[in-house]
Amino acid sequence: MLTLPTYEDVVSAAGRLEGHAHRTPVMRSRTIDKELDAEVFFKCENLQRMGAFKFRGAFNALSKFDERQRRAGVVTFSSGNHAQAIALSASLLGMASTIIMPNDAPAAKVAATRGYGGKVILYDRFTEDREQIGRDLAEKQGLTLIPPYDHPDVIAGQGTAARELFEDAGELDALFVCLGGGGLLSGTALATRALAPRCRLYGVEPEAGNDGQQSFRSGSIVHIDTPKTIADGAQTQHLGAYTFEIILRDVNDILTATDMELIDCMRFFATRMKLIVEPTGCLGFAAARKMKLQLQGQRIGVIISGGNVDLNRFCALLAN
Ligand SMILES: *Cc1c(COP(=O)(O)O)cnc(C)c1O
């Protein structure tokens, strides 16, 4: 039996993050309120330290290390933002970090991870098993493995963003959250069920990789091949044991968005709100836009999960 994290763990995480993570702004847009005929509150985690909510979970997890763990350091595997989050958090806490990244990860993310002090090891996403590489290193060098989503301290840390959103925006009728492996969604679920129990909570993943939707609707974790989508932060192949249990219990539904819809949202955020949002960060908003009829007159939350996109790639995507 897994011991699932609770809302109390989210509150403890918020205490550890105080003075270290940014309290990101909640932004509004008259244009979008008019488009949806609703009140929309955007939680801007693209403005979080290192450019995504992942700093929250990583810093919370590393803050809980004991003396021996701190001395040995941390290892993780990630396609990008979790890597940067672990590297930055480790540096801030005076620890060494080893990051296992796919050799086709965006160049900006690899460079940023090294810039934050992480030691990067590259692997082939299509032929090698990153979790096995991570476990081997952990065993050989005594490192502590902190995975990108399926860990109670990571989940609790990610839940602090939604806690801040409810504190700043008040009760919401619906909340839309990007979904990869489910760390953000399950942490958000803990905060939502404690602070706004009647709020409908939706996870949103790329249409090309809807393993979360299949899992949610079938009641057991579905594994898929690495999906081909521009949403590189949500190219996960399956939900985690912890994240799936919480999602199944607390989430109302899992929705999807296409790459074209994500690009439309990137354009909207850049031109109307002056926000650089990475493709994955647009998932929540893309799904909300498609539900206009059900959302009329309501108070809607959207978590913008991150803004780490190589500027050349950003321009190329918008030029299409
Ligand atoms: C990691 C990530 C996600 C997905 O988060 P999970 O916790 O894996 O579901 C969404 N957006 C961005 C920007 C991310 O970095």
- Query: Under the side chain to side chain contact (heavy atoms under 4.5 Å, CB included) criterion, do Ser186 and Tyr242 qualify, and how do the steps go?
  - Reply: CA-CA 8 Å; Ser186 56; Tyr242 290 96; over 6 Å; no

- Going through the distances and angles, do Thr113 and Gln84 end up as a side chain to side chain donor-acceptor pair (under 3.5 Å)? CA-CA 5 Å; Thr113 303; Gln84 293 175 58; 4.7 Å; no

- Message: One pair to check against side chain to side chain contact (heavy atoms under 4.5 Å, CB included): Leu195 and Tyr7. What are the steps and the verdict?
- Response: CA-CA 9 Å; Leu195 299 174; Tyr7 178 63; 3.5 Å; yes

- For the pair Leu92 and Leu62, evaluate side chain to side chain contact (heavy atoms under 4.5 Å, CB included) and give the outcome as yes or no after the intermediate values. CA-CA 10 Å; Leu92 291 173; Leu62 298 200; over 6 Å; no

- Message: Please evaluate residues Phe285 and Phe42 with respect to the criterion ring pair (Phe, Tyr, Trp, His ring centres under 6.0 Å), reporting the C-alpha separation (whole Å), side-chain torsions for both, the decisive distance (0.1 Å), and the verdict.
- Response: CA-CA 9 Å; Phe285 181 47; Phe42 294 99; 5.3 Å; yes

- Query: Would Ile221 and His223 satisfy side chain to side chain contact (heavy atoms under 4.5 Å, CB included), going step by step from the backbone distance to the final call?
  - Reply: CA-CA 7 Å; Ile221 298 176; His223 292 240; 4.1 Å; yes

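From Leu175, atom CG reaches atom CZ of Arg200 across 11.0 Å, with rounding to the nearest 0.5 Å. The CD atom of Glu131 sits 8.5 Å away from the CG atom of Leu145 when rounded to the nearest 0.5 Å. Here the OG1 atom belonging to Thr192 is positioned 8.5 Å from the CG atom belonging to Leu185, to the nearest 0.5 angstrom. Glu207 contributes atom CD, which lies 4.5 Å from atom OG1 of Thr256 (distance to the nearest 0.5 angstrom). Distance check: Ile155 CD1 to Ile246 CD1 gives 4.5 Å after rounding to the nearest 0.5 Å. From Lys64, atom NZ reaches atom OG of Ser12 across 7.5 Å, with rounding to the nearest 0.5 Å.
In this structure the side chain of Gln69 never reaches within 4.5 angstrom of the side chain of Leu143, judged on heavy atoms. Contact annotation: the side chain of Ile230 approaches that of Leu317 to within less than 4.5 Å [non-hydrogen atoms, C-beta and beyond]. For the pair Ile133/Asp136, no side-chain contact is recorded, criterion being any heavy-atom separation below 4.5 Å from C-beta on. Counting heavy atoms from C-beta outward, Val74 and Phe65 have side chains that approach closer than 4.5 Å. Looking at heavy atoms from C-beta onward, Phe77 lies out of side-chain contact with Met101 at the 4.5 angstrom threshold. Contact annotation: the side chain of Asp211 never approaches that of Gln237 to less than 4.5 Å [non-hydrogen atoms, C-beta and beyond]. Proximity of Ser305 to Leu184: side-chain heavy atoms (C-beta onward) are separated by under 4.5 Å at one or more points. Between Asn60 and Val154, every side-chain heavy-atom pair lies at or beyond the 4.5 Å cut-off.
Put simply, Met266 and Val177 are part of two different groups of oily side chains (I, L, V, M, F, W, Y) that touch within less than 4.5 Å, one to the next. Transitive grouping of hydrophobic side chains (ILVMFWY, heavy atoms separated by less than 4.5 Å) brings Met273 and Phe176 into a common cluster. Put simply, Leu4 and Tyr149 are part of two different groups of oily side chains (I, L, V, M, F, W, Y) that touch within less than 4.5 Å, one to the next. Under the 4.5 Å side-chain heavy-atom criterion for grouping Ile, Leu, Val, Met, Phe, Trp and Tyr, Ile100 is not connected to Phe126 through any hydrophobic cluster. When hydrophobic clusters are built by joining Ile, Leu, Val, Met, Phe, Trp and Tyr residues whose side-chain heavy atoms come closer than 4.5 Å, directly or via intermediates, Leu248 is not grouped with Leu255.
Put simply, the side chain of Arg130 never gets that close to the backbone of Tyr123: no donor and acceptor are under 3.5 Å apart. Without hydrogens or angle criteria, Thr243 side chain to Gly181 main chain gives a donor-acceptor distance under 3.5 Å. Distance alone, capped at 3.5 Å, places no donor-acceptor pair between the Asp250 side chain and the Ile247 backbone. Arg217 places no side-chain N or O within donor-acceptor distance of the main-chain N or O of Asp253, the cut-off being under 3.5 Å. Put simply, the side chain of Lys43 gets close to the backbone of Thr24: a donor and an acceptor are under 3.5 Å apart. A donor-acceptor pair under 3.5 Å is absent between the side-chain atoms of Glu205 and the main chain of Cys178, judged by distance alone.
With hydrogens and angles left out, the side-chain atoms of Arg272 and Ser29 include no donor and acceptor closer than 3.5 Å. Between the side chains of Asn308 and Asn81, at least one donor N or O sits under 3.5 Å from an acceptor N or O. For the 3.5 Å distance criterion, the side chains of Gln235 and Thr226 fail to qualify, holding no donor opposite an acceptor. Judged by distance alone, the side chains of Gln132 and Asp129 never bring a donor and an acceptor atom under 3.5 Å apart. Checking Lys119 against Ser97 by side-chain atom types alone, no donor-acceptor pair falls below 3.5 Å. When only modelled atom types and interatomic distance are considered, His82 and Thr76 share a side-chain donor-acceptor pair under 3.5 Å.
Under a 4.0 Å N-O distance rule, the pair Arg299/Asp173 does not qualify as a salt bridge. Taking 4.0 Å as the cut-off between side-chain N and carboxylate O, Asp104 and Arg125 count as a salt-bridged pair. Note on Asp232 versus Arg313: salt bridge recorded, some NZ/NE/NH1/NH2 to OD/OE distance being below 4.0 Å. By the 4.0 Å N-to-carboxylate-O rule, Asp33 lies too far from Arg30 to be salt-bridged with it. Glu167 and Arg23 are joined by a salt bridge, as a carboxylate oxygen and a charged side-chain nitrogen come within less than 4.0 angstrom of each other.
Taking the ring axis of Phe268 as reference, the NZ or CZ atom of Arg289 stays within 45° of it and closer than 6.0 Å to the ring centre. A cation-pi contact, defined as under 6.0 Å to the ring centre and within 45° of the axis, links Arg28 to Phe41. Taking the ring axis of Phe55 as reference, the NZ or CZ atom of Arg49 stays within 45° of it and closer than 6.0 Å to the ring centre.
In this structure, Gly134 and Val75 approach most closely via the heavy-atom pair O-CG1, 4.1 Å. When all heavy atoms are compared, the tightest approach of Cys44 to Leu275 is SG-CD1, 4.0 Å. The two residues Gly284 and Val204 have their closest heavy-atom pair at CA-CG2, 4.0 Å. Of all heavy-atom pairs spanning Lys290 and Ala257, the tightest one is NZ-CA, 3.9 Å. Of all non-hydrogen atoms in Phe314 and Ala270, the two that sit nearest each other are CZ-CB, 3.9 Å. Between Ala72 and Gln141 the shortest heavy-atom distance is CB-O, 4.5 Å.
Checking His20, Gln158, His22, Glu164 one by one against Arg56, the side chain to side chain donor-acceptor pair (under 3.5 Å) holds for a single residue, Glu164. Only one option out of Asp150, Val222, Leu179 pairs with Leu239 in a side-chain contact (heavy atoms from CB on, under 4.5 Å); it is Leu179.
By the neighbour-count criterion of 12 heavy atoms within 6.0 Å, atom CG of Asp66 is densely surrounded, having more than that number from other residues, nucleotides or ligands. Atom CD of Glu18 is surrounded by 12 or fewer heavy atoms from other residues, nucleotides or ligands within 6.0 Å. When the shell of 6.0 Å around NZ of Lys292 is examined, it contains more than 12 heavy atoms from other residues, nucleotides or ligands.
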